Amino acid sequence: GQQLNQSPQSMFIQEGEDVSMNCTSSSIFNTWLWYKQDPGEGPVLLIALYKAGELTSNGRLTAQFGITRKDSFLNISASIPSDVGIYFCAGSNAGNMLTFGGGTRLMVKP
Amino acid sequence: SAVISQKPSRDICQRGTSLTIQCQVDSQVTMMFWYRQQPGQSLTLIATANQGSEATYESGFVIDKFPISRPNLTFSTLTVSNMSPEDSSIYLCSVGISGRYEQYFGPGTRLTVT
């Protein structure tokens with residue numbers, strides 16, 4: 001089925017660095033969601049965005065709902081080791097149905 | 001949000017057998033979903049579990065292979081039938097709350113088929 005284009009696919013971070021990832025779609029969505037999945041766990045909802053242009057923060061996380069309704073980005077400021085994991089974007093239009101991105105795997109630089 | 005539990009958390013099964021995964025929610029929810037997550041991949045929706053009626057399956061998934069029950073608003077089961085090694089995945093249930101767009105996920109069931 002349809003999948004959102006999420007980039008980068010993976011990235012290495014050093015503690016203290018800011019991180020940015022984004023998600024694009026060929027169709028519009030009414031809601032954009034960002035999830036984080038730790039190894040052996042289910043995805044946990046980080047941020048939900050409901051309006052085009054909306055900028056929402058959750059601690060060190062900031063996400064924006066693109067004005068065209070076809071994209072969203074997530075920023076993590078001053079990364080810490082526990083930020084490591086897989087981040088998924090998801091778009092939704094109705095009936096709680098979600099379309100997921102391919103995920104961004106965040107890893108720590110050795 | 002809702003608290004969601006899944007049983008079993010993991011299992012190793014033999015080819016040709018079936019496994020039933022349970023999903024329990026701590027409150028009544030309108031929508032329940034089942035996903036598959038193959039190793040290193042994103043989430044793929046298997047079906048929407050409908051209370052009191054047959055589940056709605058996505059393209060590529062059939063009831064004979066993945067029968068689903070939803071006897072009430074807090075519980076659902078997914079059976080993976082006649083398993084093959086290709087069925088080795090994480091199976092996740094999720095719930096949606098009426099009037100909201102987001103879903104909340106259980107911890108997943110990690111299935112390995114040998």
Side-chain angles (χ1 to χ4, degrees), chain A residues 1-10 21 23-25 28-52 54 56 58 63 65 69 72 74 85-107, chain B residues 1-11 21 23-25 29-51 55-61 78 89-112:
Chain A
Q2 180 196 1
Q3 201 175 68
L4 304 178
N5 297 312
Q6 190 171 344
S7 65
Q9 286 188 326
S10 63
M21 60 192 78
C23 213
T24 60
S25 169
I28 65 172
F29 288 102
N30 292 325
T31 298
W32 281 91
L33 307 168
W34 285 93
Y35 289 88
K36 184 190 178 206
Q37 186 176 29
D38 289 326
E41 303 289 332
V44 173
L45 182 65
L46 298 174
I47 290 181
L49 301 156
Y50 301 105
K51 279 194 221 175
E54 180 182 357
T56 296
N58 178 6
F65 190 148
R69 294 180 173 266
S72 178
L74 175 71
I86 305 176
Y87 292 79
F88 290 102
C89 62
S92 179
N93 278 329
N96 295 120
M97 304 301 286
L98 300 184
T99 301
F100 280 89
T104 295
R105 183 182 296 270
L106 222 57
M107 296 166 284
Chain B
S1 64
V3 177
I4 305 160
S5 59
Q6 283 185 236
K7 285 186 196 176
S9 57
R10 58 177 62 231
D11 208 340
I21 302 167
C23 180
Q24 179 75 54
V25 192
V29 292
T30 313
M31 310 288 285
M32 291 183 80
F33 306 91
W34 287 97
Y35 287 84
R36 182 175 72 185
Q37 186 177 28
Q38 294 177 303
Q41 301 295 313
S42 185
L43 288 77
T44 301
L45 181 64
I46 297 172
T48 302
N50 300 309
Q51 196 260 329
T56 305
Y57 289 84
E58 297 299 304
S59 175
F61 297 96
L78 168 75
S89 290
I90 299 171
Y91 291 86
L92 295 148
C93 75
S94 71
V95 304
I97 298 169
S98 180
R100 302 188 66 84
Y101 288 94
E102 55 266 30
Q103 291 180 21
Y104 298 92
F105 286 84
T109 295
R110 184 178 295 271
L111 171 62
T112 303

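So that the names make sense, note that chain A is the first sequence line, chain B the second, and so on, each numbered from 1. Values in this document were obtained by computation on a predicted structure and should not be read as measured data.
Using a 4.5 Å cut-off between heavy atoms, A:Gln37 contacts chain B through its side chain alone, with no backbone atom that close. Neither the backbone nor the side chain of B:Thr44 comes within contact range of chain A; no heavy atom of the residue lies under 4.5 Å from a heavy atom of that chain. With a threshold of 4.5 angstrom between heavy atoms, B:Arg100 approaches chain A through its backbone and through its side chain. Residue contact with chain A, scored on non-hydrogen atoms closer than 4.5 Å, involves the backbone of B:Ile97 exclusively.
Proximity to chain B at a heavy-atom threshold of 4.5 Å picks out A:Leu45, A:Tyr50 from residues 44-52 of chain A, in numerical order.
Here the shortest heavy-atom pairing between B:Gln103 and A:Met97 reads NE2-CA, 4.2 Å. Between A:Pro43 and B:Leu43, the shortest heavy-atom contact is CG-CD2, 4.0 Å.
Although no hydrogens or angles enter the test, the distance criterion places a donor-acceptor pair under 3.5 Å between the side chain of B:Ser42 and the main chain of A:Gly101. Without hydrogens or angle criteria, B:Tyr101 side chain to A:Leu33 main chain gives no donor-acceptor distance under 3.5 Å.
A distance of 9.0 Å separates CZ of A:Phe100 from CD of B:Gln37, quoted to the nearest 0.5 Å. For the atom pair A:Tyr35 OH and B:Phe105 CZ, the distance stands at 5.0 Å (nearest 0.5 Å).
Put simply, of A:Asn30, A:Thr31, A:Ile86, the one with the most heavy-atom pairs under 4.5 Å next to chain B is A:Thr31.
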